[in-house]
Amino acid sequence: GGAFIVTSSPPQVGDQIRLVLRLDEQVSMQMDAIVRWHNFDDELVPTGCGVEFVDMDDTRVLTLRNVLSGGLQEESEVVEVAEERVRATG
């Protein structure tokens with residue numbers, strides 16, 4: 001699986017990044033991903049990058065599915081997506 005991340009400065013294609021989803025003040029989930037493509041602001045898609053999640057265990061997959069499907073309690077929300085470059089390809 002993967003996602004599109006809206007960001008004004010997308011990492012390079014091939015870079016491995018770490019995403020931190022903050023679900024509330026105490027709960028967060030880290031996921032590693034590889035940047036597969038990026039887009040620079042056009043009429044249909046904002047500037048950002050497409051990423052592929054890597055090394056996702058079953059618990060993370062289920063948690064992410066719950067977040068994306070709205071399965072969390074109403075007061076829970078994704079409050080931050082931070083990206084940190086893990087490894088750049090040469």
Side-chain angles (χ1 to χ4, degrees):
F4 181 77
I5 301 169
V6 176
T7 176
S8 60
S9 57
Q12 296 295 313
V13 171
D15 281 359
Q16 184 170 338
I17 60 173
R18 177 159 298 135
L19 304 173
V20 181
L21 296 175
R22 299 208 188 282
L23 307 175
D24 62 32
E25 290 184 12
Q26 285 105 20
V27 180
S28 66
M29 184 172 79
Q30 292 187 15
M31 297 175 297
D32 289 337
I34 297 174
V35 177
R36 294 298 185 194
W37 60 276
H38 43 59
N39 183 67
F40 294 97
D41 211 10
D42 65 29
E43 292 180 19
L44 300 175
V45 181
T47 299
C49 59
V51 299
E52 176 186 359
F53 300 130
V54 294
D55 299 328
M56 293 278 287
D57 60 27
D58 291 342
T59 301
R60 287 184 179 165
V61 170
L62 289 173
T63 301
L64 185 60
R65 283 185 183 158
N66 277 340
V67 168
L68 297 177
S69 69
L72 294 175
Q73 296 178 356
E74 195 169 303
E75 63 270 7
S76 298
E77 62 181 310
V78 178
V79 294
E80 177 184 345
V81 177
E83 61 182 74
E84 166 188 317
R85 189 155 309 176
V86 176
R87 178 176 51 101
T89 58

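Every value quoted in this text rests on a predicted model; they were computed, and no experiment measured them.
Here Thr59 pairs with Asp57, Thr63 under the side-chain contact (heavy atoms from CB on, under 4.5 Å) rule; sequence neighbours left out. A search for side-chain contact (heavy atoms from CB on, under 4.5 Å) contacts involving Gln30 returns Arg18, Val20, not counting sequence neighbours. Not a single salt bridge (charged side-chain N to carboxylate O under 4.0 Å, His left out) links Arg60 to another residue, sequence neighbours left out. Taking Phe4 as the reference, Trp37 meet the ring-ring contact (aromatic ring centres under 6.0 Å, His included) condition, with sequence neighbours excluded.
Atom CG of residue Asn39 and atom OG1 of residue Thr7 lie 12.5 Å apart, to the nearest 0.5 angstrom. Atoms NE2 and OG1, on His38 and Thr47 in that order, are 10.5 Å from each other to the nearest 0.5 Å. One finds the CD atom of Gln16 at 10.5 Å from the CD atom of Glu52 (value rounded to the nearest 0.5 Å).
Cluster annotation: Phe40 is not connected to Leu44 through the hydrophobic network of ILVMFWY side chains, with a link wherever side-chain heavy atoms come within less than 4.5 Å. One hydrophobic cluster, built from ILVMFWY side chains closer than 4.5 Å, cannot hold both Leu62 and Met29; they sit in different ones.
Closest of all the heavy-atom pairs between Ala33 and Val51 is CB-CB, 3.8 Å. Closest non-hydrogen pair, Cys49 versus Pro11, comes out as SG-CD, 3.9 Å.
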Ile17 and Val35: side-chain contact (heavy atoms from CB on, under 4.5 Å), yes or no, with the steps? CA-CA 7 Å; Ile17 60 173; Val35 177; 4.3 Å; yes
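Counting heavy atoms from C-beta outward, Leu19 and Phe53 have side chains that approach closer than 4.5 Å.
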